[in-house]
Amino acid sequence: MRIGELLKQGQFSISFEFFPPKTAEGEEELFQTIYSLQELAPAFVSVTYGAGGSTRERTKRVVKRIHEETKLTTMAHLTCIAHTKEELFNILKEYREIGIENILALRGDKPTGDFSPPQEACTYAYQLVSFIREHFGGWFSVGVASYPEGHPESPNMDWEVKYFKKKVEAGADFSITQMFFDNRYYYEFVELCQRAGIDVPIIPGIMPITNFRQVQKFASMCGADIPQSLIERLEPYADNPEETLKIGVDFAIGQCLDLMEKGVPGLHFYTLNKSRATLMVYEGIKSAIRL
Ligand code: FAD
């Protein structure tokens, strides 16, 4: 099923994001997670991609396994920054051959050190979206990333919205946001997008906190603000995983219920390949889900 079509039907979408594990054991654990989350009948699941192409084979293998071993709609993330157009074409062609219909088109973070993109590469995500439309027409439903607090490289929110719009004009059907912990950023961003004429669904990305130090690191890398009141709740329990989980889940439930009340098109959970926190959040919000 193409995610863009599904969202057009107005159905509320719950979705889960995974990363491709490095080891066979990690992959088996991931599939246990996938089987338990499958019970929640997500609209789709997605698998991340290493920006330098480092996970090319692993991402493909996990995407293929989910597609073949489950009934889940699967979306492959694809980053363009370090690939030639020929490589991008071949990856997309392989996905089409196995029946994958959804791609999250990303630029990826620029590798550190001496990096120059390959000749004629797609250096921004909007170019990858155009490339997909040019070579694969409507076969893929194409999603893109968006940043309610601004991408770290964007000098201000007008810039952010301008280049997000470019991705939509290039043919993106929907967007998934970077994680955020203060819903006001999301609401303000959606309003800016609407004023700019962006009309694709913008699905909020939710990260249930299970590890305080890890989430602080992620948040500072991607520029997501953690509210002081939440830091004060979490900090005393930084070395107590059970208490952190309880606080993180409780916070995520409140965040999701508020977003659902305001009519968001869906919720996309960053699962970090574990099911427990996501299952607990789902339990707390399921009575509010409109199907
Ligand atoms: P772009 O949309 O190209 O934007 C990058 C920056 O360039 C922005 O500041 C934008 O405003 C600016 N910009 C865009 N066009 C122009 C232009 N023409 N001129 C000047 N400036 C411009 N990373 C991974 O490596 N693998 C993943 O699987 C992955 N999945 C993600 C999933 C989600 C939902 C999100 C939100 C992010 C994900 N990322 C992933 C992170 C993402 O790759 C990084 O944030 C990356 O730095 C930007 O990618 P982008 O596709 O948003 O880039």
Side-chain angles (χ1 to χ4, degrees), residues 3 13 15-21 44-60 62-63 74-83 88 91 95 100 102-112 115 117 121-132 141-181 185-186 189 192-193 196 198 200-207 218-224 264-273:
I3 296 167
S13 88
S15 52
F16 305 124
E17 180 170 312
F18 309 114
F19 62 85
F44 65 95
V45 298
S46 78
V47 183
T48 63
Y49 191 79
S54 55
T55 67
R56 176 173 173 170
E57 291 309 317
R58 280 188 278 135
T59 298
K60 207 169 40 185
V62 171
V63 165
T74 315
M75 174 166 74
H77 295 209
L78 179 60
T79 62
C80 58
I81 184 92
H83 281 307
L88 291 170
I91 295 167
Y95 279 134
I100 297 301
N102 300 289
I103 298 287
L104 191 71
L106 301 145
R107 183 198 69 180
D109 285 326
K110 288 182 191 155
T112 45
F115 170 77
C122 295
T123 47
Y124 290 110
Y126 80 90
Q127 293 163 327
L128 176 59
V129 179
S130 296
F131 183 81
I132 297 174
S141 178
V142 180
V144 289
S146 57
Y147 303 85
E149 293 171 72
H151 183 276
E153 289 167 41
S154 299
N156 54 53
M157 289 312 289
D158 287 343
W159 175 289
E160 187 60 50
V161 171
K162 175 176 164 187
Y163 288 112
F164 173 35
K165 188 172 181 186
K166 221 166 152 61
K167 297 194 271 196
V168 175
E169 286 169 348
D173 300 312
F174 64 98
S175 173
I176 299 176
T177 76
Q178 184 58 276
M179 62 174 166
F180 57 90
F181 301 96
Y185 288 113
Y186 174 85
F189 178 64
L192 284 177
C193 292
I198 297 170
V200 296
I202 301 173
I203 303 173
I206 303 295
M207 166 88 82
F218 285 167
S220 85
M221 271 162 36
C222 70
V264 292
L267 295 167
H268 183 75
F269 289 95
Y270 295 107
T271 69
L272 301 179
N273 289 5

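If you're wondering where the values come from, they're calculated on a predicted model, not measured in any experiment. Counting convention: from 1, in listed order, for ligands and their atoms alike. By convention here, the first residue in the shown sequence is residue 1.
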Fill in: Any Lys166 side-chain heavy atom under 4.5 Å of Tyr124 side chain
no
Worksheet entry | Distance-only donor-acceptor check, side chains His77 and Thr48, under 3.5 Å | no
Fill in: Minimum side-chain heavy-atom gap Leu78-Tyr95 below 4.5 Å
no
Worksheet entry | Distance flag, aromatic centroids of Tyr186 and Phe180, threshold under 6.0 Å | yes
Response to the item:
Ordered by chain then number, the protein residues lying under 4.0 Å from ligand 1 by heavy atom are Thr48, Tyr49, Ala51, His77, Thr79, Leu104, Leu106, Arg107, Gly108, Asp109, Tyr124, Ala125, Tyr126, Ala145, Tyr147, His151, Glu153, Ser154, Trp159, Tyr163, Lys167, Ile176, Thr177, Gln178, Tyr270
Worksheet item: Do Asp173 and Ile3 come within less than 4.5 Å of each other through their side chains, counting heavy atoms only?
Response: no
Item to complete: Could you tell me which residues satisfy salt bridge (charged side-chain N to carboxylate O under 4.0 Å, His left out) with Lys60, sequence neighbours excluded, listed by chain and number?
Response: Glu57, Glu94
